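The structure appears right after this line, and notes come after that.
On a predicted model such as this, the values are computed, not experimentally measured, just so you know. Below, read A as the first sequence line, B as the second, and so on, with proteins coming before strands; counting in each chain starts at 1.
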Number of protein chains: 2
Amino acid sequence: MIHKTNRMYLVEQVASQIEQLIESGHWPVGEKIPPEMELMNLFDVSRNTLREAIRALVHAGLLETKQGSGTIVRSANPLGATLKRYIKRSALLETLDVRLALEKQAAQLAAEHRTATDLSTLEACIQSSREAAENGDYEQFIASDIRFHQTIVQASANQLLIDLYEPMVEIVYSFVQDLMAMDAPFKYEEELHLELFRAIRNQDKVEAASYMEDYMKILRENIMKLMED
Amino acid sequence: MIHKTNRMYLVEQVASQIEQLIESGHWPVGEKIPPEMELMNLFDVSRNTLREAIRALVHAGLLETKQGSGTIVRSANPLGATLKRYIKRSALLETLDVRLALEKQAAQLAAEHRTATDLSTLEACIQSSREAAENGDYEQFIASDIRFHQTIVQASANQLLIDLYEPMVEIVYSFVQDLMAMDAPFKYEEELHLELFRAIRNQDKVEAASYMEDYMKILRENIMKLMED
DNA sequence: CTTTTAAAAGTTGTAGGATGATTGGCATAT
DNA sequence: ATATGCCAATCATCCTACAACTTTTAAAAG
């Protein structure tokens, strides 16, 4: 059996080399990459070929071009941009269900793998959320609540789970923020967060999942209430 | 507050128009799209601009170009290709945990929303799996098992969940298929599948989730056993 | 008439050059 | 020191040409 000469076109070669440079950190996020002229010489391709490769990565969310200025690395995670665009067009309630699925699993895994650092971060978030709720500070409240949940997902030590969760929670909270801007009342479910924290600390998977489900149920109800306006 | 004039470059305009044509089904999956010359006239852009747009969609997995032949629509789901590439590079056990998360949630939602058609499809899959297991027919066994689980996810009626699950299960089963090709013994957990089916039919969310978890545990153990070689 | 072969047309891949649009920095003038 | 205008750098778009590959067509051979 002779393999079909799976020819790799120049554009693909260049694109995957650039991708490699980004993911390996040789071209750090936020920094400018060399101008087209240099890259043409570096990869020894024409301008068209190079630009097609760059355009592909721009569309994928890895790069960002600014006419007259240059091209910068926007992200090192190819999944983020695509997922975010997709989730943005999905129904909020569907997104919430998926978030529940991921975060419930994350809570169970976190109960297994949580480190001392994770636990202290979680405690700090709860503290910060309480203060923000008392002061009526929306922004700080949302920020520390996000960090609490992100910490749980991070503690799961499952990179795929982390990468899927990240864009999802961004979208959900941007909705929430829009809604809250209309001066809606909000209440911090401190006891629930504390119970969840304790379950993870005590490595009790079942309890952790259960409290997470309770929290999501309340969040869902709150969002639906807010959406009625 | 003056908004930054978010200028939309030609390439992006063309790319998003093509995306639209694909997602709306005007350019069906598997069919050829018009050649570059026609598209240049259609969108009134130069060949370079058009090609950059097409290249972006090729990289995203929506299109596929074949030199000398033409360009065909490869997929109407922008998420699929990116996710698949990503999952392929993830650890199998991490992927399994995420799959468990999604499918457990799917089972609960399916218990709520399942239709009569879903139920009969599920029954047919169980029947087909049993026959395949008795005859030792690997391919049919895997095919009908996949269809069983896909049907559950479809029955959840959550499009985001479906789109996330699809590439995941493909990767997992391609692993399984590779492993099974080495003449490994396999056993069909019929009773478990039946219980899961009954729970969904009876709209018992808790039972459905529980049986799904049991199944995933067994699948995980089997895969780990196979991977030891 | 059928099959084989070769030419031609069609299509995407790559190259190179030219011009327009935007940005950022530099030098000049106030 | 600040403001203005000029200039260079950089990306965006367009154009033409040729190469590589595929499909179709037509001619040639049997």
If I take atom [atom1] in residue [X] and atom [atom2] in nucleotide [N], what distance separates them, rounded to the nearest angstrom?
X	N	atom1	atom2	result
A:Arg47	D:dC14	CZ	C1'	11 Å
A:Asp44	C:dT14	CG	P	13 Å
A:Tyr9	D:dA20	OH	C1'	8 Å
B:Leu39	D:dC14	CG	P	14 Å
B:Ile72	C:dT11	CD1	P	16 Å
A:Asn41	C:dA15	CG	P	12 Å
A:Leu10	D:dC21	CG	P	12 Å

Query raised in the report: Of B:Ser69 and A:Val11, whose closest DNA chain C nucleotide lies nearer the 5' terminus?
Result: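 It is B:Ser69 whose nearest nucleotide is closer to the 5' end.
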
Query raised in the report: Of A:Gly68 and A:Met40, whose nearest nucleotide on DNA chain C comes first from the 5' end?
Result: A:Met40

Requested in this report: State yes or no: are the ring centers of A:Tyr165 and A:His149 separated by less than 6.0 Å?
Outcome: no

Query - Pairs where residues 29-64 of chain B contributes a residue and the test ring pair (Phe, Tyr, Trp, His ring centres under 6.0 Å) is met, not counting sequence neighbours - result: none

Query raised in the report: With sequence neighbours left out, which residue pairs that include part of residues 153-171 of chain A fulfil the salt bridge (Lys or Arg N to Asp or Glu O under 4.0 Å) condition?
Result: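 Counting only pairs at least two positions apart or across chains, the salt bridge (Lys or Arg N to Asp or Glu O under 4.0 Å) contacts touching residues 153-171 of chain A are A:Lys84-A:Glu170.
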
Query raised in the report: Under the salt bridge (Lys or Arg N to Asp or Glu O under 4.0 Å) rule, what pairs show up with a residue in residues 65-75 of chain A, not counting sequence neighbours?
Result: A:Glu64-A:Arg74

Query raised in the report: Taking only side-chain nitrogens and oxygens of A:Ser46, does any of them come within less than 4.0 Å of OP1 or OP2 of C:dA15?
Result: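 Yes, because at least one side-chain N or O of A:Ser46 sits under 4.0 Å from OP1 or OP2 of C:dA15.
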
Query raised in the report: Taking only N and O in the side chain of A:Thr65, is any of them less than 4.0 Å away from OP1 or OP2 of D:dT10?
Result: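 Answer is no, no contact under 4.0 Å.
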
In residues 31-40 of chain B, what donor-acceptor pairs under 3.5 Å come from side-chain atoms, sequence neighbours left out?
| from | atom 1 | to | atom 2 | distance (Å) |
| --- | --- | --- | --- | --- |
| B:Glu36 | OE1 | B:Arg47 | NE | 2.5 |
| B:Glu36 | OE1 | B:Arg47 | NH2 | 2.9 |
| B:Glu36 | OE2 | B:Arg51 | NH1 | 2.6 |

Report task. Taking only heavy atoms on the protein side, list every residue of residues 25-38 of chain A lying under 4.0 Å from any atom of DNA chain D, sorted numerically. Result ->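 DNA chain D contact set from residues 25-38 of chain A: A:Pro35, A:Glu36.
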
Requested in this report: Under 4.0 Å from any atom of DNA chain D, heavy atoms only: list the residues of residues 49-61 of chain A that qualify, in numerical order.
Outcome: A:Arg51, A:Arg55

Report task. Mind checking salt bridge (Lys or Arg N to Asp or Glu O under 4.0 Å) for A:Arg85 and listing every partner two or more places apart, or none if nothing turns up? Result -> none

Requested in this report: Could I get the full list of salt bridge (Lys or Arg N to Asp or Glu O under 4.0 Å) partners for B:Asp118, not counting sequence neighbours?
Outcome: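 With sequence neighbours excluded, B:Asp118 shows a salt bridge (Lys or Arg N to Asp or Glu O under 4.0 Å) to no residue whatsoever.
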
Query raised in the report: Mapping B:Asn48 and A:Thr71 onto DNA chain D by nearest heavy atom, which one lands closer to the 5' end?
Result: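 The residue whose closest nucleotide sits nearer the 5' end is A:Thr71.
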
Query - With A:Tyr86 via ring-ring contact (aromatic ring centres under 6.0 Å, His included) - residues at least two apart - result: none

Report task. State whether a side-chain donor-acceptor pair under 3.5 Å links A:Glu131 with A:Gln127. Result ->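 Result is yes, a qualifying pair exists.
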
Requested in this report: Between D:dT23, C:dT22, C:dT12, spot the one nearest the side chain of A:Gln67, thanks.
Outcome: C:dT22

